Protein chains: 2
Amino acid sequence: MTGRVLEHPEVEEIRLEAVLHALADPMRLEVVRFLSCVDREVACSEIDLVVSKSTTTHHYRVLREAGVINQVYRGTAKMNSLRRADLDALFPGLLDSVVAAAVREAEQADQASV
Amino acid sequence: MTGRVLEHPEVEEIRLEAVLHALADPMRLEVVRFLSCVDREVACSEIDLVVSKSTTTHHYRVLREAGVINQVYRGTAKMNSLRRADLDALFPGLLDSVVAAAVREAEQADQASV
DNA sequence: CTCCTTATACGATAAGCATCGTACTACGAT
DNA sequence: ATCGTAGTACGATGCTTATCGTATAAGGAG
């Protein structure tokens, strides 16, 4: 990969508006919900978003640049994880409430489709 | 005013993405922060946003249509208040954490400008 | 009624963003 | 060295949105 080093914002650079904007998208919210539920490093390819690969790349970058996720290369894969400690320290309760709401909405959507 | 009746989403119509999107703007976040701090009905003109009046109107509408605020006419004024009970019921902890973070960021900005 | 304040409507504009396809790179396995 | 998998880069495109100015409407005060 050309970009061997992935830039992440420092904790003090993480801005509330950017985090909220990153979370205010169905695809990215799905990624965050997934990461929160499995609570481990996850490759981009593990989460099946209903968009193209290039769009998927875009969403992961938005999440990383907002400070929501951490990304590292492991071979050809790029592993993603939530920056939970950083977010909890900066915005106590925010991630929990958003994820809880996202989980609930996802469950409602599941039920509606059955 | 032409629109005597202001449409608000029902509680069950409020969507997480829409709320997050509404909050992910500096102007609107400022409105929400202000409303939360004073904890009463506030006229649009009471909050000094650094944008034109028409843009201000736009931001209030986004907040209302997302289900974040309630708006009612009182004479020529339009009074705004947070839909705190609805939001707390739907997304427990979300509003509190966002407002707390917004207050903190606002204080940091104040300090930096002094 | 006339004036002032408050806010809206409307049209325009410029920027941002989600999306795509195609071509490409990096790495691991064969 | 070749192939396959995983992801990026680079336009391009069309939609959304933040912004403005001007004209307008509604209500209160004189």
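Proteins come first, then strands; the chains are lettered A, B, ... in the order of their sequence lines, and each starts at number 1. Quantities reported herein were computed from a predicted structural model and do not represent experimental measurements. Because only heavy atoms are used, hydrogens play no part in the values below, and waters and symmetry mates are left out as well, while side chains stay in.
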Please name the residue in the list A:R74, A:E46, A:Q71 that meets the side-chain contact (heavy atoms from CB on, under 4.5 Å) test with A:E41. A:R74
Whole-Å distance separating the CE atom of B:M79 from the P atom of C:dA7: 9 Å
OP1 or OP2 of C:dA7 sitting under 4.0 Å from any side-chain N/O of B:S45? yes
Give one of base, sugar-phosphate or nothing for A:R28, where a contact means two heavy atoms less than 4.0 Å apart. sugar-phosphate
Rounded to whole angstrom units, what separation is found between the CG atom of B:L20 and the P atom of D:dT17? 14 Å
Charged N to carboxylate O below 4.0 Å: is that the case for B:E107 and B:R104? no
Check each residue of residues 50-60 of chain B for a non-hydrogen atom within less than 4.0 Å of any atom in DNA chain C, then write out the ones that pass by number, or none. B:K53, B:S54, B:T57
How far apart are the C-alpha atoms of B:D96 and B:R84, what are their side-chain angles, what is the distance that settles it, and do they pass the salt bridge (Lys or Arg N to Asp or Glu O under 4.0 Å) test? CA-CA 9 Å; B:D96 283 344; B:R84 188 184 286 279; 3.3 Å; yes
side-chain contact (heavy atoms from CB on, under 4.5 Å) test vs B:V99 passes for just one of B:V32, B:L23, B:L29, namely B:V32
Point-to-point distance, once rounded to the nearest 0.5 Å, from CG of B:L49 to CZ of B:F34: 10.0 Å
In whole angstroms, how far is the P atom of D:dC15 from the NE2 atom of B:H21? 17 Å
Between D:dT8 atom P and A:E7 atom CD, what is the distance in whole Å? 14 Å
Return the CG to CG distance between A:L82 and A:N80, rounded to the nearest 0.5 Å. 9.5 Å
Between C:dT8 atom C1' and B:R64 atom CZ, what is the distance in whole Å? 11 Å
Take atom OH of B:Y73 and atom P of D:dG27, then tell me their distance rounded to the nearest Å. 9 Å
Please give, in whole Å, the distance from D:dT16 C1' to B:R61 CZ? 13 Å
Rounded interatomic separation in angstrom, taking CD from A:E46 and C1' from D:dT5: 14 Å
